[in-house]
Amino acid sequence: MPELPEVETVVRGLRTPLIGRTARDIWHDWARTIRPTPIAPDPAHFAARIAGQTFRAIERRAKYILCHLDDDILVVHLKMTGRLYVTPDDAIHDADRWVHFRVQLDGGVQLRFSDARKFGFVALTDDFSRLAPALGPEPLADTYNIEALRAGLHGHRKAIKALLLDQAFVAGVGNIYADESLHDAKIHPLRASDSLNDDEIAHLHAAIRRALTDGIEREGASVNWYRKPDGTSGKAQQYFHVYDRAGEPCLTCGTPIEKIRVAQRGTHYCPVCQPTPTLLKG
DNA sequence: CCAGCCCCCTGTCGGC
DNA sequence: TGCCGACAGGGGGCTG
């Protein structure tokens, strides 16, 4: 479940082993792992186009990894179970049976994309905006202040949890950090997004940024599949207040954490710290 | 505009 | 122990 902190950690971990390397060829064993683009509509075009291009910079936008090459961008989305790492050519392939895409690099190393559930993808593009859907503001950007959050809320009337998961509302927040942010802000996940008062908006703004910043500092949450590029686990899961803690005591008040479904996602909250709204519609 | 559902996939786990 | 259904959830798409 790589979200903003996990993707950011992967990006940071890839810079040293990847920047300066030149691509030679690619390999894949699952067609849908490679998303077609105008400049690389199939694996043969992809291979011909990437060959000879050097990795110059790596950045994150929302949950996308953007590897800037000389002319193009290698875009990767990890979705649920994706892993991306650089490894020596001769590293035992069987050690990771879910590798579906590799880029052969110079220097005897490979960039490998592993994805057990095959939801993720790689793509070679010269226009990221055409590849990705409309993405909302980066929540950790200096420009994402309370007013930016309030502006995003305007015109919406749906459960706040569902809105937090909407990448057009705010980019990079997923199920884990949405639950953690709402608990920190003491807001029930089913609260109508247009019912938040000024104090709650301010608290939610701070909570989102705190959850994501802490997540990055802890190098992401390794609940099951996520790993850093060096293969080790993140530590953010050790600090969850509500996510994956159904039935366990709230760290604030001791009440058992409850789990419901909101927007088709498992949603965890404290019924005392985050009181149930009396009106969901009205 | 929004809630709900399906789909893409496969590993894991609880129940029988 | 083995089988089976439920569940995990990022994101696109469709329907009511």
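Given the structure is predicted, the values throughout are model-derived calculations rather than measurements.
Among the duplex regions that DNA chain C forms, those built from at least three successive Watson-Crick or G-U pairs under 3.5 Å are B:2-8 with C:10-16, B:10-16 with C:2-8, ordered by first number.
Distance check on atom P: dG9(C) versus dG14(B) gives 16 Å, rounded to whole Å. On the P atoms, dC3(C) is 25 Å away from dC9(B), given to the nearest whole Å.
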Intermediate values then yes/no, side chain to side chain donor-acceptor pair (under 3.5 Å), Q104(A) and D89(A): CA-CA 8 Å; Q104(A) 181 61 52; D89(A) 285 355; 2.9 Å; yes
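The side chain of K158(A) contributes no N or O atom lying less than 4.0 Å from OP1 or OP2 of dC1(B).
Ring pair W98(A)/W225(A): centre-to-centre distance below 6.0 Å. H205(A) and Y144(A) have their aromatic ring centers within a separation under 6.0 angstrom. In summary, the aromatic rings of F46(A) and F101(A) are positioned with their centroids under 6.0 Å apart.
Within the structure, side chain to side chain donor-acceptor pair (under 3.5 Å) contacts touching residues 62-78 of chain A (residues at least two apart or in different chains) are R49(A)-D72(A), Q53(A)-D72(A), R56(A)-D70(A), E59(A)-H68(A).
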Sequence-aligned protein contact record of nucleotides 7-16 of chain C, with B where the base is within under 4.0 Å of a protein heavy atom and S where only the sugar-phosphate is: -BBBBS----
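Under the 4.0 Å criterion applied to side-chain N and carboxylate O atoms, K161(A) and D179(A) are assigned as salt-bridge partners. Under a 4.0 Å N-O distance rule, the pair R210(A)/D184(A) qualifies as a salt bridge. Ion pairing of E217(A) with K235(A) is absent here, as no side-chain N (NZ or NE/NH1/NH2) approaches a carboxylate O to less than 4.0 Å. Salt-bridge annotation for D198(A) and R150(A): present, with a side-chain N of the basic residue lying under 4.0 Å from a carboxylate O of the acidic one.
Residue-level contact check: A159(A) touches the backbone only, with heavy atoms under 4.0 Å from sugar-phosphate atoms and none from bases.
In terms of position on DNA chain B, the residue among H156(A) and A116(A) whose nearest nucleotide sits closer to the 5' end is H156(A).
Look at CG on L153(A): it is 11 Å from P on dC2(B), rounded to the nearest Å. Rounded to an integer number of Å, the gap from I160(A) CD1 to dC1(B) P is 17 Å. Rounded to whole Å, atom P of dC13(B) lies 11 Å from atom CH2 of W225(A).
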